[in-house]
Amino acid sequence: MPVAAPLPDIRQHLAGLLRTALASVAPEQHDTEILLERPKQASHGDFASNLAMQLARALKANPRQIAERLQRELPPSPWVIKTEIAGAGFINFTLAPAARTAVVHTVLAHGGDFGRGLSKGKKLQVEFVSANPTGPLHVGHGRGAAYGASLASLLAYAGYQVAREYYVNDAGRQMDILAVSTWLRYLELFDEIIPFPPNAYQGGYVREMAEQIKLAHGDRYVHPIEAIMTCVPDTDDLEAKLDGFIAAGKDLLGEDWSYVHGHALNEQLTDCRADLEEFGVHFDVWFSERSLYDTGMVAKAVAALEAKNHIYEQDGAKWFRSTAFGDEKDRVVQRDNGIYTYFASDIAYHLNKFERGFDKVVDVWGADHHGYIPRVKGALAASGADTDKLDVALVQFVSLFRDGQKAAMSTRAGEYVTLRQLRAEVGNDACRFFYMLRKCDQALDFDLDLATSQSNDNPVYYVQYAHARICSVFGQWEGDAASLGKVDLTPLIHEREAALCARLAEFPELIQQGARDYAPHSIAFYLKDLAADFHGWYNAERVLVDDEATKHARLALALATRQVLRNGLSILGVSQPASM
RNA sequence: GCCCUCGUAGCUCAGUGGAUAGAGCGACCGCCUCCUAAGCGGUAGGUCACAGGUUCGAUUCCCGUCGAGGGCGCCA
C-alpha cells in the first residue's frame, strides 16, 4: 500500500474505535451492533454512527449525553481529524484527507478487481429467460435477459461461483403447436390449403421454416387434406381442433413428425441463442426439459411424491396435495390421458438443480408466474428439499409504447416487437442500460419513440461520456499511466475531489448490497451518480495543469474513476467507448 | 373473491428505521479564447396515496382503506 501507514478498512476502523468507547461507557451493552452510515450531507462528516440512540433505551439516558460520553472515550486515530455530536445524538466522523483519497491508490492497485468480493465458496445458479423456443424473443424476454445476465455478473463479482442456465421447454404442447404450424404452412406451399388455425403461430418465421423444409425435402411431408381432416373434430373448441391437427401430423408423418418438430425447435433455439449472444447474454447450460423425460426423472419425481403420500387420484388424474404446503388448491401432475403437466417436469427440474449441489438457486420469472411459486416450493418441501435454497426473482411486465400507443404483444399472433428490432433501433448498450433503470419489481414502460428518436437523452451516454472524456485526457497527456499508482495525493483538496473519492469508496459496499438484494439496477444508478460527480469535478477543475504534483494527483483520480466506470459497466454488459 | 407488485416533484423514477427526502426530463436564469457543451452551475417544484399501530424516532416496518397494473387452466 503506497500510503505512509497501512490504511485499514476505514469502516471497520471506526467501528473498532466505537467499540472501545462502548466497552468503557456501557460494558454490559458490548454486543450492541455498531452501524456506520455515510451521511447524505457533507457537513455531517464522512461517517455517522447512531450508537448513542441505540443505547438510549437500555441506559435510560438522553442520546446526546450518551454520545458525549462515547466521544470522550474514543481512542485517538490518525485517520480521524474530527468527531462531532449532532442532531438527535449522531456521532459524526470527519476523516483526514489521506484517509479520503487513499481509495484512489486502492483502485489503481486492484484495477479490474476493485470492488470484487472475496470468494464466498458458494455455488449459485441463476436461471433466466427460459422462453419457449416457439418464436423470436420479444422485449419482455429482453428485460429478463438483461436482468438475469446483470444479476449473474453481479453475484459473480460479489464472490459467488455462478452458473447461468436456460431451461428449454422442448417437450410440451407449445412445441407441438409450433411444429404443426410449420407443417400447415408447408402444406400451403403445395396448394393443400387448410384454413390456418387462428390459435396456431402466425409469425412470418413459421412460413420461412416451411420454405426451408420444402427446399430440403420437397414434397416428402405432403398429405391430402382429407386424411388430415379426419383427425380434426368438428367443434367450436379451437384448442381441441388444434390438438386434432397435431394428432394428424403425428399420425400421418410417423417418424417424420420428429423431423419437423426437431427442425422447428432447432431453428428457433439457434436463433434465440444468437440473439442473446449478440445482446451480450451468455449461458453456461442449456437444459432440456425433454431430457428429464428421457432419463425418467419426471416419472421418478412423481413416484417419489406418491411414495410419500403427497399424491392422490381424482377424475383419472394424479394430483399433488399442494394445499398441505400453503398453496390455494391442489395441482395436477399427470393428466387423465397419462401426459405429465409442465408442473411435473418442473418439480423434476428443480430437484435436479438441487442434486447438482448448488447452495442457492435463483429463478428469474415473469411476474405472471408468481402464483406458481407456492406449488413449486410445496413440491420441493414435500420431496424433502430445502426450499430456502430457492429464490424467485419476479420481473414485472414491459409495456411497449409507440406513437403514444401501447403496442400489442401476442406471441401466437406474431404481433410484437422483437428483441432484435429493439436492439437494432436502440443499440445494445442503451438497451441493456435502459432495462436496468427500473428495479425488477417495477413495471417498465418502454417508450420506443423516446428510446429511438431521442436516444441521446439515454443516461447510458452520460455514463459512457464520462469514460470517453477521461480517455481523451489521457490521450493528451504524454506520461505513463502506470506511474500514477503511487503518486502523492495531497494536492486533492477540493470538496468535489473528496466527494468523488467517497463515491469510489462506496463501490465495494454497493456490490455486496446489490448482490444481497438481487438488485443490479443499483449499479446503473450508482454509475449515473459517479458520472455526475466526475462531470462536476471535470468542469470545475482542470486536470492537465502546469503544476506537476497537482496534475499527477488529478490524473490518478481520473484514472481511478475510469476504472470504476469500467468495472461497473462490465457488470451491466455495457461497452466503454474511448471516444464518442 | 383470493394472491402478487406498485402508489414519492408537472412527467418518468431512485432512496432510506434517523438529521434539510434525491436524480433525469420539462420550465426559468447563467457557463465554451480553456483537457469532448452527449457537459456544468443556479432557481422553481413535495401532506413520500389516506387512516391507525410499533418505536426515542416511520416516507421506510405492521394492520386497514382507497387507487393502478398483473395473476388465479388436466396451458407453458
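So you know, we letter chains A, B, ... as the sequences are listed, proteins then strands, and number each from 1.
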Base, sugar-phosphate, or nothing: which does A/Ala367 touch, judged by heavy atoms less than 4.0 Å apart? nothing

For RNA chain B, please output the secondary structure as dot-bracket, reading 5' to 3'. Pairs are Watson-Crick or G-U wobble, both atom distances under 3.5 Å; mark crossing pairs with [ ], other-strand partners with |, unpaired with a dot. (((((((..((((....[...)))).(((((.......))))).....((.((..]....)).)))))))))....

Quote, to the nearest angstrom, the C1' distance that separates B/G52 from B/G64. 8 Å

5' priority, RNA chain B, between A/Arg331 and A/Phe343 [closest heavy atom]: A/Arg331

Ranking B/C34, B/C74, B/A38 by distance to the side chain of A/Asp336, first place goes to B/C74

Which part of the nucleic acid, if any, lies within contact of A/Trp319, taking any heavy atom under 4.0 Å across all strands shown: a base, the sugar-phosphate backbone alone, or nothing? base

Do the ring planes of A/His552 and A/Trp477 sit parallel (below 30°), tilted (30 to 60°) or perpendicular (above 60°)? perpendicular

Nucleotide nearest A/Arg438 (side chain, heavy atoms from C-beta), chosen from B/A19, B/G39, B/C13: B/C13

Can you check whether A/Gln476 has a side-chain N or O nearer than 4.0 Å to OP1 or OP2 of B/U36? yes

Between C1' of B/U36 and CZ of A/Arg562, the distance in whole Å: 15 Å

Rounding to the closest angstrom, what is the interatomic distance between B/U65 and B/C3 at atom P? 11 Å

Parallel, tilted or perpendicular, judged at 30° and 60°: which one describes the rings of A/Tyr312 and A/Trp319? parallel

Map A/Tyr465 and A/Gly87 onto RNA chain B by nearest heavy atom, then report which one ends up closer to the 5' terminus. A/Gly87

Side chain A/His521 and base B/A14 donor-acceptor under 3.5 Å: no

Any donor-acceptor N/O pair under 3.5 Å between B/A76 base and A/Asp170 side chain: no

Please verify the inter-ring angle class for A/His350 with A/Trp365; under 30° counts as parallel, over 60° as perpendicular, anything in between as tilted. perpendicular

Less than 4.0 angstrom between a side-chain N/O of A/Arg335 and OP1 or OP2 of B/G73, yes or no? no

Distance criterion of 3.5 Å, no angle test: do you see the side chain of A/Asn50 paired donor-to-acceptor with the base of B/G18? yes

Figure out the CG/C1' separation between A/Asn539 and B/C40, and round it to whole Å. 4 Å

Determine whether a donor-acceptor pair (one donor, one acceptor, N or O, separation below 3.5 Å) exists between the side chain of A/His370 and the base of B/C3. yes

Closest to the side chain of A/Asn169, out of B/C35, B/A76, B/G73, is B/A76

When you compare B/A38 with B/C32, how far apart are their C1' atoms, in angstrom units rounded to a whole number? 15 Å

If you check every side-chain atom of A/Tyr538, which of B/G39, B/C35, B/A76 has the closest atom? B/C35

For A/Ala86, report the nucleic acid contact type (base, sugar-phosphate, nothing); a contact means any heavy atom under 4.0 Å. base

Under 4.0 Å from OP1 or OP2 of B/G15: is there any side-chain N or O of A/Lys439 that close? yes

On a whole-Å scale, what distance lies between the C1' atoms belonging to B/G1 and B/G10? 38 Å

Using the C1' atoms only, state how far B/C25 lies from B/C62, rounded to an integer number of Å. 36 Å

With rounding to the closest Å, how many angstrom separate the C1' atoms on B/G7 and B/C28? 30 Å

A/Arg173 side chain: which of B/A76, B/C40, B/A38 is closest? B/A76

Could you tell me whether the side chain of A/Gln464 and the main chain of A/Ser575 form a donor-acceptor pair under 3.5 Å? yes

Can you measure A/Asp517 atom CG to B/G15 atom P for me and round it to whole angstrom units? 9 Å

Syn or anti for B/C32, with syn set at within 90° of 0? syn

Any base atoms under 4.0 Å from A/Glu84, or only sugar-phosphate, or nothing? Heavy atoms, all strands. nothing

Among B/G71, B/A19, B/A23, the nucleotide that comes nearest once only the side chain of A/Phe90 is considered: B/A19

A/Tyr462 vs B/C40: side-chain N/O to OP1/OP2 distance below 4.0 Å: yes

A cation-pi test, strictly: NZ or CZ of A/Arg143 under 6.0 Å from the centre of the six-membered ring of A/Phe434 and no more than 45 degrees from its axis. Yes or no? no

Of the candidate nucleotides B/A76, B/G39, B/U36, which contains the atom at the shortest distance from the side chain of A/Asn132? B/A76

Side-chain atoms of A/Phe525 come closest, of B/A14, B/G18, B/C35, to B/A14

Could you please name the option among B/A76, B/U36, B/A14 that lies closest to any side-chain atom of A/Gln174? B/A76

For A/Glu541, report the nucleic acid contact type (base, sugar-phosphate, nothing); a contact means any heavy atom under 4.0 Å. base

Just call it for A/Asn92: base, sugar-phosphate, or nothing, with non-hydrogen atoms closer than 4.0 Å on any strand. base

Parallel, tilted or perpendicular: ring planes of A/Phe325 versus A/Phe320, cut at 30 and 60 degrees: parallel

Do the side chain of A/His535 and the main chain of A/Tyr462 share a donor and acceptor less than 3.5 angstrom apart? yes

Winner on side-chain proximity to A/Ser472, out of B/C35, B/A23, B/U36, is B/U36

Should the ring pair A/His138 and A/His141 be called parallel, tilted or perpendicular, given that the plane angle runs from 0 to 90° and is split at 30 and 60? parallel

Can you tell me how far C1' in B/A51 sits from the matching atom in B/G67, rounded to whole Å? 15 Å

Gap in Å between the two C1' atoms, one belonging to B/U36 and one to B/U12, rounded: 28 Å

Going through the checks in order, is the side-chain contact (heavy atoms from CB on, under 4.5 Å) test met by A/Tyr435 and A/Val395? CA-CA 11 Å; A/Tyr435 276 130; A/Val395 179; over 6 Å; no

